[in-house]
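A quick write-up on the structure given underneath.
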Amino acid sequence: MLQVPFIRENKELVIERLAKRNIDATQMINDVISFDEDRRRIQTELDNTLAESNSLSKEIGNLFKSGEAQKANLLKERTVQLKETSKELAEALNNKSNELNELLYKIPNVPNKLVPSGNSDLDNEEIFKEGEIPVLHENALPHWELAKKYDIIDFELGNKITGAGFPVYKGKGARLQRALIAYFLDKNTAAGYTEYQLPLLVNEASGFGTGQLPDKEGQMYHVTEDNLYLIPTAEVPGTNIFRDVVLNESELPIGITGYTPCFRREAGSYGAHVRGLNRLHQFDKVEILRVEHPSKSYEALDGMVNHVKTILKELELPYRILRLCGGDLGFTSALTYDFELFSTAQDRWLEISSVSNFETFQANRLKLRFKNSDGKNELAHTLNGSSLALPRVLAGILENYQTKDGIVIPKALQAYTGFNIID
RNA sequence: GGAGAAAUGGCAGAGUGGUCGAAUGCGGCAGUCUUGAAAACUGUUGAGGGUCACACCUCCGGGGGUUCGAAUCCCUCUUUCUCCGCCA
């Protein structure tokens, strides 16, 4: 969530930048400012009431001690009144604060100045492209056909066991999955990220911390019995490591990486584009996550983009990088780069990584701060990205590396798979 | 799942109705001494709201209650520890 003082001091800029997301935030921003004024006014009133009550209580104590019970009892009457007043004010304050917070939860992050205006993914800006698009043999197949042909992924079986979107990987397919996970983790740790194994279920507070709650609970599987949520991404448990944390400036930057399965309900997304591995309810992902000093976060974002690039280059896959436009930018992000892999057999680009700088948007909700050189607590910047999401990378490998003799394993992966062809 | 104990500042740990945002120790920061460091000594050191700055207010696991007044008493929830049961 945005910080109220920031909104107050940069009202015009905030409205102007939010317009990149095609929203007119004027009303909301004005409301935030006026709710906050109300809140502070009530707070002051309450504080004064409590201050009087506190000093009277002290006086009463002293009077009792010096044996002036009658005087004390007189004062008691006044405190009863004050108690009544403060109760009312406390309730009003609570209501106003809730009203303000609910509004703040609805306002997305302020886009960075680099974010292009636009309505949809069509307006995203391509900023980089690399890798050769292979020329496939005549009877090239999409990955779901390949999966069947070589018996490495069984969608029907997943259907039987659980339902659509829960594929079963077998034999070399399963081994390839494990190889990719190990390979990604090795690349990330070599780049300085510390490996974590994180819980796959999180509590409500964590859901709030990263912004899945209160608005997007429909996207997560909810275990109502214990009020826990299955994670939609390692970002949730990973970022919540830092909830209510005050770091020393010298501890920055922090980089962590972790492999987790991800669970997404994906309510309402059906159709041709969700075939095979393109969109799943359960999928594997290796995530990278950074906590940065505000002055260094954009440098770090570039660093993350470069890191993901080196992996795709090593896998020799054709990809491009997009700078997301305002209309396509995630709620919590200030600037996002998407990586898309070209699926030759499907003749379309598949999103395989999304690298974002959230600036203080997450940190504000998380209360993730560091002690700056003035000794003051200051919100840190958080960033994260996939490095990488498995299913579509797998789809890309299957499709782009298919030959008449089978699917060739990229060189960089062969040490991990222990075989160099799926046939 | 059953029984018992506990939850206090970065950490350890005192405090059982007003003099407590909280002793003391460790740690952190600044200084004295030192060529430098260590040791020793001195000072300083929680967070949030509010203010130009002060004042002032809130916070002793969360929520509620008793009281003029709660870290302290009561209720409730959560978590941790110990023992028993079950178990990869």
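In what follows, chains carry the letters A, B, and so on, assigned in the order in which the sequence lines appear, proteins first and then strands, with residues in each chain numbered from 1. What you are looking at is a predicted structure, and each value in this text was computed from that prediction instead of being measured.
A:S57 comes within contact range of at least one nucleobase, with a heavy-atom separation under 4.0 Å. Contacts of A:R39 with the nucleic acid, taken as non-hydrogen atoms under 4.0 Å apart, involve only primed sugar atoms and P, OP1 or OP2. Within the nucleic acid shown, A:L50 comes within 4.0 Å of sugar-phosphate atoms alone, with no base atom in reach, counting heavy atoms only.
Between A:K371 and B:A47 there is a side-chain polar atom (N or O) within less than 4.0 angstrom of OP1 or OP2. Neither OP1 nor OP2 of B:U67 sits under 4.0 Å from any side-chain N or O of A:K76. Residue A:N73 places none of its side-chain N or O atoms closer than 4.0 Å to OP1 or OP2 of B:C68. Contact check, A:R369 against B:G48: a side-chain N or O comes under 4.0 Å of OP1 or OP2.
Spacing of C1' atoms, B:U8 relative to B:U16, comes out at 13 Å, to the nearest Å. Rounded to a whole angstrom, the distance from the C1' atom of B:A3 to that of B:A71 is 28 Å. Nucleotides B:C59 and B:U72 place their C1' atoms 16 Å apart, quoted to the nearest Å. Between B:A23 and B:C74, the two P atoms lie 25 Å apart (nearest whole Å). With both ends at atom C1', the span from B:G18 to B:U24 equals 23 Å, rounded to whole Å. Comparing the P positions of B:G15 and B:G61 gives a spacing of 15 Å, expressed to the nearest Å. Taking atom C1' on both nucleotides, B:U66 is separated from B:G27 by 40 Å, rounded to a whole Å. For the C1' atoms, the distance linking B:G17 with B:A22 amounts to 15 Å, nearest Å.
Residue-to-nucleotide contacts include no donor-acceptor pair under 3.5 Å from the side chain of A:N62 to the base of B:G18.
Base pairing annotation: B:G69 forms no Watson-Crick or G-U wobble pair, as no partner gives both donor-acceptor distances under 3.5 Å. Searching all strands for a Watson-Crick or G-U wobble partner of B:C59 with both distances below 3.5 Å returns B:G46. Nucleotide B:G1 has B:C84 as its partner under the Watson-Crick or G-U criteria, with both atom distances under 3.5 Å. Across every strand in view, B:A53 sits unpaired, with no contact that passes the Watson-Crick or G-U test at under 3.5 angstrom. Searching all strands for a Watson-Crick or G-U wobble partner of B:G25 with both distances below 3.5 Å returns B:C11. The partner of B:U32 is B:A40, judged by Watson-Crick or G-U wobble contacts that both fall below 3.5 Å.
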Begin with the C-alpha distance, continue with both residues' side-chain angles, and end with the deciding distance and a verdict on ring-ring contact (aromatic ring centres under 6.0 Å, His included) for A:H293 and A:F370. CA-CA 8 Å; A:H293 190 282; A:F370 68 96; 5.0 Å; yes

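More than 12 heavy atoms of other residues, nucleotides or ligands sit less than 6.0 Å from atom CD of A:E251. More than 12 heavy atoms of other residues, nucleotides or ligands sit less than 6.0 Å from atom NZ of A:K309.
The nearest whole Å value for the distance from the CG atom in A:N54 to the P atom in B:C20 is 15 Å. The interatomic distance linking A:N94 (CG) with B:U58 (P) rounds to 16 Å, in whole Å. Regarding A:D47, its CG atom lies at a distance of 11 Å from the P atom of B:U51, rounded to whole Å. In this structure, the CD atom of A:E84 is 15 Å from the C1' atom of B:U67, given to the nearest Å. Whole-Å rounding puts the A:E45 CD to B:G50 C1' distance at 14 Å. For the pair A:E52 CD and B:C68 P, the computed distance is 17 Å after rounding to whole Å. Distance CD (A:E204) to C1' (B:U78): 13 Å, rounded to an integer number of Å. For the pair A:F64 CZ and B:U19 C1', the computed distance is 17 Å after rounding to whole Å.
Of the candidates B:C68, B:U51, B:G49, the closest approach to any side-chain atom of A:R40 belongs to B:U51. Minimum atom distance to the side chain of A:I60 is reached by B:C68, of the listed B:C68, B:G49, B:C57. Of the listed nucleotides (B:A47, B:G49, B:U58), B:A47 has the atom at the smallest distance from the side chain of A:N377.
Under the 4.0 Å criterion applied to side-chain N and carboxylate O atoms, A:K371 and A:E378 are not assigned as salt-bridge partners. A:E292 and A:R290 are joined by a salt bridge, as a carboxylate oxygen and a charged side-chain nitrogen come within less than 4.0 angstrom of each other. A salt bridge is absent between A:E314 and A:K411: the closest approach of a Lys/Arg side-chain nitrogen to an acidic carboxylate oxygen does not fall below 4.0 angstrom. Look at A:K87 and A:E84 and you find no salt bridge, because none of the NZ, NE, NH1 or NH2 atoms lies under 4.0 Å from a carboxylate O.
When each of A:L277, A:L176, A:D284, A:L280 is checked for a side-chain contact (heavy atoms from CB on, under 4.5 Å) with A:L390, only A:D284 meets the rule.
Heavy-atom nearest nucleotides on RNA chain B were determined for A:K58 and for A:S53, and the one closer to the 5' end corresponds to A:K58. Take the nearest nucleotide of RNA chain B for A:G61 and for A:N248: the residue whose nucleotide is more 5' is A:G61.
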